[in-house]
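Note sheet for the following structure.
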Amino acid sequence: MVAGLGLAGCLGGNNSPPPRKAKVFDDVSLDGTQMQIQLESDVEVESRLEAQDDLDAGGAVGALLPVGRARAAKGAGARGAGGYSSAPKGRHGWAVWHGGSYGDDWRDDHDDDIKMYDATVATLGVAYLGSDDSYQNDPPGPGPVSWDEKWDDPSEGDAKSVDLAAISPGSDTREGWYRVGTELVADDGSRNFDWQAADFEVDNDVGRWNLDKEWHVKPRV
């Protein structure tokens, strides 16, 4: 089933599952060169795989069983046709990677297979991804990257701050793309929902640093 979901994530089109729904970030903002990350106090994530049955006679549930994989296409156009300006917008007004109105029809057809789960952020990471040109040529999928800053098991509703100058090459804030990524697991440890991310272009407008072209990058449900 995991392999099948991965293949569906690569094919695209209206028959593919849409990006999953999730509630992870309350807000991500920029104050000077300080990126402020505020997590939701009640993290939720959509999935269509159930937890595995008890694995032994003692009834122990397998810890952090995988639930789907983020096997999405990379390379030019991986954010979906039309780019940021025409992409559907979700929570916070961020563009939704591979989003579209087809998702409503897909969910109607799979209503009995999907549900929202309470979740916990197992890992929170921030990384500089590269210049605008390098990012546009090869934008990463929703999985993890090489993190410049990382926290394990942040608390519900936690707030983190990262100085972009400290994680930019050369210790000087760079224009370009930055990622805030989260690994999600079920509250009871029975499911691993894998990674999703928010990508931001950071630019300098007459001495003022801004977040632009915000993308919410999620695996397909």
Side-chain angles (χ1 to χ4, degrees), residues 1-2 5-6 9 17-29 34-56 58-72 90-94 96-99 103 107 110 112-127 129 140-162 167 178-200 214-221:
M1 184 176 293
V2 168
L5 284 175
R20 70 186 182 191
K21 296 179 179 179
K23 189 173 73 169
V24 180
F25 299 110
D26 182 58
D27 190 28
V28 178
S29 59
Q34 297 289 324
M35 179 176 281
Q36 310 289 343
I37 304 165
Q38 179 71 53
L39 297 175
E40 286 278 0
S41 57
D42 296 306
V43 176
E44 296 179 327
V45 63
E46 182 182 46
S47 180
R48 57 182 175 134
L49 293 183
E50 297 293 339
Q52 183 172 320
D53 292 337
D54 291 356
L55 296 182
D56 57 31
V61 176
L64 303 181
L65 299 171
V67 182
R69 292 293 178 193
R71 304 281 194 237
R91 296 182 71 238
H92 311 300
W94 299 349
V96 179
W97 177 65
H98 280 318
R107 286 185 171 85
H110 297 82
D112 294 335
D113 302 326
I114 56 178
K115 64 178 289 187
M116 296 295 294
Y117 290 91
D118 292 330
T120 297
V121 178
T123 309
L124 172 66
V126 181
L129 296 178
V145 297
S146 179
W147 303 115
D148 297 306
E149 189 78 41
K150 187 176 74 169
W151 301 269
D152 293 324
D153 301 315
S155 302
E156 294 182 350
D158 212 349
K160 301 294 186 184
S161 179
V162 180
I167 66 173
Y178 295 78
R179 164 163 290 191
V180 182
T182 52
E183 180 188 20
L184 305 180
V185 300
D187 281 349
D188 61 4
S190 62
R191 306 168 182 87
N192 185 330
F193 299 109
D194 224 320
W195 291 80
Q196 66 181 62
D199 291 354
F200 305 92
E214 302 92 340
W215 280 100
H216 214 153
V217 188
K218 310 173 188 178
R220 298 180 186 271
V221 62

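Residues take their numbers from the sequence shown, with the count starting at 1.
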How far does CD of Gln38 sit from CG of Asp26, to the nearest 0.5 angstrom? 5.5 Å
Taken in chain and number order and not counting sequence neighbours, the residues that satisfy side chain to side chain donor-acceptor pair (under 3.5 Å) with Asp188 are Ser190
For Ile167 and Tyr178: C-alpha separation, side-chain torsions, deciding distance, then whether side-chain contact (heavy atoms from CB on, under 4.5 Å) applies. CA-CA 10 Å; Ile167 66 173; Tyr178 295 78; 4.0 Å; yes
Would you please name every residue forming a side-chain contact (heavy atoms from CB on, under 4.5 Å) with Gln36, sequence neighbours left out? Ser29, Asp31, Gln34, Ser161
So how far is it from Met116 CE to Arg20 CZ, rounded to the nearest 0.5 Å? 9.5 Å
Do Glu156 and Leu39 have side chains that approach each other closer than 4.5 Å (heavy atoms only, starting at C-beta)? no
Please report the shortest heavy-atom distance between Met35 and Val126, naming the atom on each side. SD-CG1, 4.4 Å
Glu214: what forms a side-chain contact (heavy atoms from CB on, under 4.5 Å) with it, not counting sequence neighbours? Tyr84, Trp94, Phe200, Leu211
Shortest non-hydrogen pair, Trp195 vs Pro219, comes out as O-CD, 3.3 Å
Full working for side-chain contact (heavy atoms from CB on, under 4.5 Å) between His216 and Arg91: CA-CA 9 Å; His216 214 153; Arg91 296 182 71 238; 5.6 Å; no
Please examine the side chains of Val180 and Leu124, heavy atoms only from C-beta on, and report whether any two atoms are closer than 4.5 Å. yes
Nearest heavy-atom neighbours spanning Ser47 and Tyr117: CB-CE1, 3.7 Å
Should Val121 and Glu40 count as side-chain neighbours, where that means a heavy-atom distance under 4.5 Å? no
Nearest 0.5 Å, what's the CZ-CG distance between Phe193 and Leu184? 8.0 Å
Is a side-chain N or O of Arg191 found less than 3.5 angstrom from the main chain of Ala186, in a donor-acceptor match? no
For Asp158, enumerate each residue passing the salt bridge (charged side-chain N to carboxylate O under 4.0 Å, His left out) test, keeping only those at least two apart in sequence or located in another chain. Lys160
On a heavy-atom basis, which atom in Val217 and which in Gly141 lie closest, and how many Å separate them? CG1-C, 4.0 Å
For the student: nearest non-hydrogen atoms of Trp147 and Gly181, plus distance: CH2-CA, 3.5 Å
Search all heavy atoms of Arg179 against all heavy atoms of Pro142 and return the closest pair with its distance. NH1-C, 4.0 Å
Can you tell me how far apart CG (Asp112) and CZ (Arg48) are? Round to the nearest 0.5 Å. 13.0 Å
Taking salt bridge (charged side-chain N to carboxylate O under 4.0 Å, His left out) as the test, write out the residues that go with Glu46, two or more places apart. Arg107
Please report the interatomic distance CZ(Phe25) to CD(Gln196), rounded to the nearest 0.5 Å. 7.0 Å
Please set out all donor-acceptor pairs under 3.5 angstrom arising from side-chain atoms of residues 148-155, sequence neighbours excluded.
from, atom 1, to, atom 2, distance (Å)
Asp148, OD2, Tyr128, N, 2.8

